[in-house]
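These numbers come from the heavy atoms of this one structure, side chains and all, not from hydrogens, waters or symmetry mates. This is a predicted model, so every value here is computed, not measured. In what follows, every chain begins at residue 1, and chains take the letters A, B, ... in the order their sequences are listed.
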Amino acid sequence: MQNIRYFDHAATTAIETRVLNEMMPYLTENFGNASSMYQIGKKNKEAINLARSRVAKCLKCNPSEIYFTSGGTESDNLIIKGIAIANRRRGNHIITTKIEHPAVLNTCEFLEKYMGFRVTYLNVDSQGRIDLKDLERAINRQTILISVMFANNEIGTIQDMESIGRMARRYGVYFHTDAVQAIGNIDIDVKKLGISALSMSAHKFYGPKGIGAAYISENVNFIRIQDGGHQERRQKGWNREYSRNCGTWKSHRNCPK
Amino acid sequence: MGLGKAIEIAQNDLVEYNKKLKILRDYYLANVEKNIPFIRINGDLENRLAGNANVCFKGVDGPTLLQELDKQGICASSGSACSSGFLNPSHVLLAIGVPANVARSSLRVTFGRENTIEDVDYLVDHLVRIVKKLR
Ligand SMILES: Cc1ncc(COP(=O)(O)O)c(C=O)c1O
């Protein structure tokens, strides 16, 4: 068989040996349920917490703001639908771009088609960047969420995250970014960039397939869209949704329109 | 564990990794531009991921190009991975104003850790030959 020359790293990457070595014990001896009372389970809980703090360290956020998922697609769904549904009474408008990954585009279409949301799909220029003036014009009283990808998977264009974050904050709108292509390539400080929620996927940066993470700022009014046990602090997410009152949310919302 | 370790390694290696990818990408683009006429480089050259090169080879059918490259052991993609193999031009290329017929001739090359300059030479050599043949 001939040598393979691989130039498709934006699609997926091979798992790095150091990563695999670190995973092995947890796939073999330490397979126990992390919520259990026995030793091998408890060890796993420690491991999950270590992983969580490593992800948080990379994004410069709190470990409690990290939720593990099955990848970029699930993170995008979880965040966009979770924010949209939780904030439905405050508004039904979402802004995104025409060049998003299908995980975002199709999620927005779902919300339009079945949940009564309105979605603005921003144009991009010949370089693939959105115009901030277009973004500002698109924001109205009903706008609850702006979702703009950090870096594009096809043409690699990086958006002006800082300015988008600033505008989102000014109008009191949540800002989600699909950073699946950016993690591992760009140093990201979610607080500095004003990012409320972010999606990532391990197989794009030499990690295993089938795992990703969602960063959701603790200031975000958010509801889980998948029901089940209490893994990934779903119960806490649930409580958080109800502990947040509309007042706080409105107070930082100063949209002129 | 896998995600945590991978992100830690990636974060520690960020500067070096970007430097390496940019060298490979710029070398690739320079050689493609020098050796193949009628091309269009898509996307922002400044605000761009270091490892990404997206080029249209006008008059060449993207999927056919990928098949020919595959015969030489070269893995690349046309536009997004999800739309590879289909004839639909990429929604991203259309959004940046690439005409549909040109968008169908796109090749996305994304570099990574294991790639070398020698790999790029191999890629460009075959690209020059295949593009000429398909045109
Ligand atoms: C920008 C972007 N978002 C989301 C995804 C989906 O990620 P995953 O494969 O982990 O579901 C991808 C992968 O192709 C991507 O490039």
Quick one: what part of Asn185(A) sits under 4.5 Å from any heavy atom of chain B, side chain, backbone, both or neither?
both
With a 4.5 angstrom heavy-atom cut-off, which part of Asn52(B) approaches chain A: side chain, backbone, both or neither?
side chain
Verdict with reasoning, His101(A) to Glu154(A), per side chain to side chain donor-acceptor pair (under 3.5 Å)
CA-CA 9 Å; His101(A) 187 273; Glu154(A) 294 190 37; over 6 Å; no
Which region of Asp160(A), side chain (C-beta onward) or backbone (N, CA, C, O), has a non-hydrogen atom less than 4.5 Å from a non-hydrogen atom of chain B, or is it both or neither?
neither
Any luck finding a side-chain donor-acceptor pair between Asn42(B) and Arg40(B) under 3.5 Å?
yes
Best-contacting candidate, Ile188(A), Asp187(A), Ile158(A), against chain B by heavy atom pairs under 4.5 angstrom:
Ile158(A)
Classify the ring geometry of Phe111(B) against Tyr28(B): parallel below 30°, tilted from 30° to 60°, perpendicular beyond 60°.
perpendicular
Which atoms of Ile9(B) are under 4.5 Å from chain A, going by heavy atoms: the side chain, the backbone, both sets, or neither?
side chain
Is there side-chain contact between Asn153(A) and Met149(A), with heavy atoms separated by less than 4.5 Å?
yes
Counting neighbours of NZ on Lys192(A) that are heavy atoms of other residues, nucleotides or ligands and sit closer than 6.0 Å, is the number greater than 12?
no
Under the criterion side chain to side chain donor-acceptor pair (under 3.5 Å), I'd like the reasoning laid out for Thr69(A) against Ser75(A): C-alpha separation, chi angles, the key distance, then a yes or no.
CA-CA 6 Å; Thr69(A) 67; Ser75(A) 294; 2.9 Å; yes
Side chains of Gln159(A) and Asn152(A), donor plus acceptor under 3.5 Å
no
Scored by heavy-atom pairs under 4.5 Å with chain B, the best of Ile186(A), Thr97(A), Ile15(A) is Ile186(A)
Among the listed options Gly207(A), Ala213(A), Pro208(A), the residue most often paired with chain B at heavy-atom distances under 4.5 Å
Pro208(A)
In terms of heavy-atom proximity below 4.5 Å to chain A, should Ala50(B) be classed as side chain, backbone, both, or neither?
neither
Is there a side-chain contact between Val104(A) and Thr96(A) in this structure, where contact means two heavy atoms from C-beta onward sitting under 4.5 Å apart?
yes
Determine the sole option in Glu118(B), Glu114(B), Gln72(B) for which the side-chain hydrogen bond (donor to acceptor under 3.5 Å, both in side chains) test with Arg5(A) is passed.
Glu118(B)
Heavy-atom distance under 4.5 Å to chain B: side chain of Gln181(A), backbone, both or neither?
both
Pick from Ala151(A), Cys58(A), Ser201(A), Gly184(A): which one has the most heavy-atom pairs with chain B under 4.5 Å?
Cys58(A)
Which atoms of Arg129(A) are under 4.5 Å from chain B, going by heavy atoms: the side chain, the backbone, both sets, or neither?
side chain
With a sphere of 6.0 Å drawn around NZ of Lys209(A), does it hold more than 12 non-hydrogen atoms of other residues, nucleotides or ligands?
yes
Which portion of Lys71(B) sits near chain A, non-hydrogen atoms under 4.5 angstrom:
backbone
Interface check, chain A: of Ile96(B), Asn115(B), Leu94(B), Leu45(B), most non-hydrogen pairs under 4.5 Å belong to Ile96(B)
Taking the side chain as C-beta and beyond, is there a heavy-atom pair between Val32(B) and Phe57(B) under 4.5 Å?
yes
Where does Asp13(B) contact chain A at under 4.5 Å (heavy atoms): side chain, backbone, both or neither?
neither
Cut-off 4.5 Å, heavy atoms of chain A, and the answer for Tyr122(B) is side chain
Less than 4.5 Å to any heavy atom of chain B: does that hold for the side chain of Thr157(A), its backbone, both, or neither?
both
Assess whether atom NZ of Lys20(B) is packed by more than 12 heavy atoms of other residues, nucleotides or ligands within 6.0 Å.
yes
Can you tell me which of Ile41(B), Thr116(B), Ile74(B) forms the most heavy-atom pairs within a distance under 4.5 Å of chain A?
Ile74(B)
Interface moiety of Leu20(A) toward chain B, non-hydrogen atoms closer than 4.5 Å:
neither
The interface call for Tyr26(A) against chain B, heavy-atom contacts under 4.5 Å, is side chain
For chain B, find which of His203(A), Lys98(A), Gln127(A) contributes the most heavy-atom pairs closer than 4.5 angstrom.
Gln127(A)
Does Glu74(A) form a side chain to side chain donor-acceptor pair (under 3.5 Å) with Gln226(A)? I'd like the steps, not just the answer.
CA-CA 10 Å; Glu74(A) 190 189 334; Gln226(A) 285 198 81; 3.0 Å; yes
Pick whichever of Val15(B), Leu24(B), Ile7(B) has the most heavy-atom pairs under 4.5 Å with chain A.
Ile7(B)
So for Asp119(B), is it side chain, backbone, both, or neither that comes closer than 4.5 Å to the heavy atoms of chain A?
both
